[in-house]
Amino acid sequence: FKAFVKVDDELFDELEEALIMADIGVETSSYIIKELRDRVKTKRITDGNLVKDELKDVISDILSQQDCQMHLDSNPSVILVIGVNGVGKTTSIGKLATYYKAQGKKVLLAAADTFRAAAIDQLDIWASRSGCDIIKQKENSDPAAVVFDACNAAKARGVDILICDTAGRLHNKKNLMAELAKISRVIERELPGASKETLLVLDATTGQNAVSQAKLFSEAANISGIILTKLDGTAKGGIVIAISRELQIPVKFIGVGEGTDDLQVFNPLDFAIALFE
Amino acid sequence: SLGDKLQGVFKRLRGKGKLNEKDIKDAMREVKLALLEADVNFKVVKDFVKNVSEKSLGHEIMESLTPAQQIVKIVNDELTALMGGENARLEFSKKPPSVFMLCGLQGAGKTTACGKLALNLVKQMGKRPLLVACDIYRPAAIKQLQVLGEQINVPVFALGSDISPVEIARQAVEHAKKHGNDPVILDTAGRLHIDERLMDELKQIKEAVEPDEILLVVDAMTGQDAVNVAEHFNTDLEVSGVILSKLDGDTRGGAALSVRQVTGKPIKYASMGEKLADLQPFYPDRMASRILG
Ligand SMILES: Nc1nc2c(ncn2[C@@H]2O[C@H](COP(=O)(O)OP(=O)(O)OP(=O)(O)O)[C@@H](O)[C@H]2O)c(=O)[nH]1
Ligand SMILES: Nc1nc2c(ncn2[C@@H]2O[C@H](COP(=O)(O)OP(=O)(O)OP(=O)(O)O)[C@@H](O)[C@H]2O)c(=O)[nH]1
Ligand SMILES: [Mg+2]
Ligand SMILES: [Mg+2]
């Protein structure tokens with residue numbers, strides 16, 4: 001039994017505040033509240049609890065506008081994992097490898113972060129944990145060369161899914177964005193016509209800068225989806241709503257911990273409900 | 001920029017007539033929006049704007065010919081003052097070795113910051129630090145610290161991943177005393193502020209080796225959640241300072257204000273890149289104008 005809540009300006013202000021605190025951003029929050037007010041009027045909702053439910057639907061509707069499915073239809077298919085430093089790319093790849101291996105897929109990993117200390121070692125451990133092969137070269141070798149090798153190994157070994165790790169890079173570093181564009185082109189050249197999912201990894205604790213990340217990474221590579229990590233913390237990850245709306249990029253997975261099974265397929269309504277928990 | 005937006009708010013005045021309370025209210029709305037867009041926490045923004053609003057209702061602003069500029073100056077001065085006035089230094093122990101413990105959320109930049117701090121202390125103060133691998137969980141974390149140590153010729157103390165981090169810290173301090181290393185820099189595993197068991201581990205390390213500095217490493221692009229993180233870490237450990245990382249990005253960095261406001265602790269360093277040389281002292285006035293955009 002929920003106590004009756006009055007539908008007034010104070011309620012809408014409270015809800016707008018909750019959206020901003022969830023990192024949804026001022027502009028998107030105000031758009032959502034305007035949409036909510038319209039629906040409340042049209043549907044003649046008079047109980048504040050039902051207003052909250054309607055709000056969850058508004059948000060879920062925005063997120064469901066995009067195709068949240070993965071499309072890995074060729075053999076091999078490729079998943080390129082990109083994002084700024086420390087967001088959870090390497091760990092997410094370990095989880096994805098486990099996820100697809102459990103579906104009976106033959107998975108190959110490419111250690112294309114040849115720059116950061118012990119990055120190759122880290123991915124190597126995930127390869128053993130998930131029972132997948134890994135293509136790696138010496139530290140400081142050319143990442144594009146590792147990807148080139150990995151694409152050809154994927155073809156030769158009859159691999160179903162090739163997952164490429166890349167070094168963390170800030171989106172405002174032009175040379176690093178250029179390197180990423182080159183890696184992306186290598187994949188398309190070596191595996192022409194293959195299904196390619198380029199997943200941008202975003203940390204749920206990130207604020208409005210995530211929109212800038214999504215914009216600039218989109219210029220370097222064709223982003224097909226987002227992995228939103230660290231949702232097991234207290235951050236809500238609301239920035240994906242603005243990104244979904246402004247850039248039409250869908251969320252495909254969420255990370256909810258540091259273990260091999262802590263990856264979930266993205267569910268817009270569950271995400272909307274969790275925003276208010 | 002905030003200056004332009006405020007000019008817009010006041011342009012109806014065009015030099016004729018004085019500001020009234022509504023003008024100040026409209027101006028404060030622009031200040032609030034600017035800070036929220038910069039990722040300053042909502043509640044921190046509310047308090048800050050209330051404070052600035054009171055200062056702006058003074059006579060000089062109401063009669064000023066350049067109210068927009070005056071208000072931007074008040075906001076900038078208030079932000080700078082809140083950020084901590086001047087650069088804060090590291091606390092060293094009267095009885096070496098000093099112990100510095102770095103902590104924070106997953107991926108914030110702790111391990112790299114340990115390397116940077118070590119290099120900085122070697123170069124600036126001729127210190128002989130000891131890096132300590134207390135992250136026994138993350139795959140290849142120990143190796144990562146060892147590779148960094150090798151790059152800067154600083155020894156790394158590690159006991160593998162089967163010994164408790166509390167014990168590793170304890171033995172590291174003993175090792176430092178025996179071999180004349182100072183300071184001891186503890187790299188800890190990234191953890192959630194709501195993970196009781198792991199926050200407890202930090203409390204136990206603190207109790208065992210009594211650090212002279214407990215530095216919270218915070219990612220400069222953190223959003224509204226910065227307040228939760230800083231509050232929990234500070235309540236549990238009594239943090240002594242903050243290192244703000246990834247400031248070489250294009251984030252406005254409002255998390256800096258939120259963390260400072262909620263803990264009252266100084267931001268001691270700014271990490272401005274991935275290389276070990278990329279550690280700089282933190283300048284409150286530069287951060288203030290960066291947040292304002
Ligand atoms: N709590 C939590 N931690 C996570 C999650 N995903 C990754 N992490 C942790 O975040 C930290 C960084 O993860 P990495 O996989 O190394 O991140 P990365 O993007 O590859 O980092 P760089 O390669 O250095 O840019 C590690 O401590 C991970 O265990 C998640 O969903 N939840
Ligand atoms: N561009 C940039 N990258 C940084 C900075 N500080 C750290 N990094 C990068 O951020 C990523 C994460 O750094 P780590 O030092 O592994 O972070 P951590 O806090 O130790 O991570 P966990 O141990 O998993 O919690 C790495 O790719 C670093 O190179 C910085 O100031 N600027
Ligand atoms: Mg990585
Ligand atoms: Mg670390």
Side-chain angles (χ1 to χ4, degrees), chain A residues 16-27 29 84-91 94 115-126 128-129 139 167-173 176 202-210 212-213 216 229-230 232-239 255 257-258, chain B residues 32-33 36-43 45-46 105-112 115 137-151 189-195 218-229 232 245-246 248-255 258 273-274 276:
Chain A
E16 188 164 7
E17 185 172 322
L19 296 181
I20 293 176
M21 303 273 296
D23 285 314
I24 291 177
V26 173
E27 215 224 301
S29 297
V84 302
N85 309 68
V87 292
K89 297 177 294 300
T90 306
T91 307
F115 166 74
R116 204 209 69 210
I120 298 171
D121 298 79
Q122 185 186 4
L123 189 66
D124 213 345
I125 293 174
W126 280 106
S128 332
R129 281 185 183 177
E139 293 232 350
R169 67 201 66 221
L170 290 181
H171 47 297
N172 54 324
K173 311 239 164 140
L176 297 181
L202 293 176
D203 187 327
T205 64
T206 306
Q208 298 311 302
N209 192 249
S212 173
Q213 291 175 28
L216 292 179
T229 62
K230 307 181 196 174
D232 45 320
T234 51
K236 299 295 184 181
I239 33 114
E258 303 185 68
Chain B
K32 175 178 164 207
L33 287 177
L36 285 177
E37 282 165 15
D39 284 325
V40 180
N41 180 271
F42 190 90
K43 296 196 164 66
V45 172
K46 261 190 170 173
L105 292 183
Q106 291 90 344
K110 298 174 293 298
T111 304
T112 315
Y137 311 105
R138 170 174 153 155
I142 297 174
K143 175 111 197 278
Q144 184 185 4
L145 193 65
Q146 287 170 332
V147 170
L148 296 182
E150 253 172 67
Q151 287 175 5
R191 68 205 61 214
L192 295 178
H193 48 297
I194 52 172
D195 185 328
V218 176
D219 191 324
M221 46 185 145
T222 308
Q224 298 290 308
D225 202 46
V227 156
N228 293 331
V229 178
H232 276 83
S245 68
K246 306 177 203 170
D248 46 321
D250 61 0
T251 184
R252 299 254 298 268
S258 306
E274 286 193 76
L276 294 182

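All chains are named by letter (A, B, ...) in the order of the sequence lines, taking the proteins before the strands, and each is independently numbered beginning at 1.
Using a 4.5 Å cut-off between heavy atoms, Glu139(A) makes no contact with chain B at all. Residue His193(B) touches chain A through its side chain alone, counting heavy-atom pairs closer than 4.5 Å. Residue contact with chain A, scored on non-hydrogen atoms closer than 4.5 Å, involves the side chain of Arg138(B) exclusively. For Leu145(B), no part lies under 4.5 angstrom from a heavy atom of chain A. At a 4.5 Å heavy-atom cutoff, Lys110(B) makes no contact with chain A through either its backbone or its side chain. Contacts of Asn228(B) with chain A are made by side-chain atoms alone, with heavy-atom separations under 4.5 Å and no backbone atom involved. Residue Thr234(A) touches chain B through both its backbone and its side chain, counting heavy-atom pairs closer than 4.5 Å. If you measure heavy-atom distances from Gln146(B) to chain A, you find no contacts under 4.5 Å at all.
Residues Thr205(A) and Asp225(B) bring no donor and acceptor atom of their side chains to less than 3.5 Å of each other. Side-chain contact check for Asn209(A) and Asp250(B): at least one donor-acceptor pair (N or O, by modelled atom type) lies under 3.5 Å. Glu258(A) and Gln106(B) are linked by a side-chain donor-acceptor pair at a separation below 3.5 angstrom, with hydrogens and angles left out of the test.
Counting heavy-atom pairs under 4.5 Å between each of Ile125(A), Leu170(A), Asp124(A), Asn172(A) and chain B puts Asn172(A) at the top. Between chain A and the options Gly223(B), Ser245(B), Gly115(B), the largest number of non-hydrogen pairs under 4.5 Å is found for Gly223(B). Between chain B and the options Asp232(A), Val87(A), Asp203(A), Thr229(A), the largest number of non-hydrogen pairs under 4.5 Å is found for Asp232(A).
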* Give the C-alpha distance, both sets of side-chain angles, the deciding distance and a yes or no for side chain to side chain contact (heavy atoms under 4.5 Å, CB included) between Thr206(A) and Thr222(B). => CA-CA 4 Å; Thr206(A) 306; Thr222(B) 308; over 6 Å; no

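Taking 4.5 Å as the limit, some side-chain heavy atom of Met21(A) sits within range of a side-chain heavy atom of Lys43(B). Two residues are said to be in side-chain contact when any heavy atoms from C-beta on lie closer than 4.5 Å; Met221(B) and Val84(A) meet this criterion. The shortest side-chain heavy-atom distance between Lys46(B) and Glu17(A) falls under the 4.5 Å cut-off. The shortest side-chain heavy-atom distance between Leu36(B) and Ile20(A) falls under the 4.5 Å cut-off.
Residue-environment remark: CD (Glu27(A)) stays at or below the threshold of 12 foreign heavy atoms within 6.0 Å.
In this structure, Lys173(A) pairs ionically with Asp248(B), as a charged nitrogen and a carboxylate oxygen lie closer than 4.0 Å.
A distance of 11.5 Å separates CG of Leu19(A) from CD of Gln224(B), quoted to the nearest 0.5 Å.
Contact detail for Gly207(A) and Asp39(B): the closest heavy-atom pair is CA-OD1, 3.4 Å. Closest approach of Ala117(A) and Leu148(B) over heavy atoms only: CB-CD2, 4.0 Å.
A donor-acceptor pair is defined here as one N or O able to donate and one able to accept, closer than 3.5 Å; no such pair exists between the side chain of Asp121(A) and the backbone of Ala140(B).
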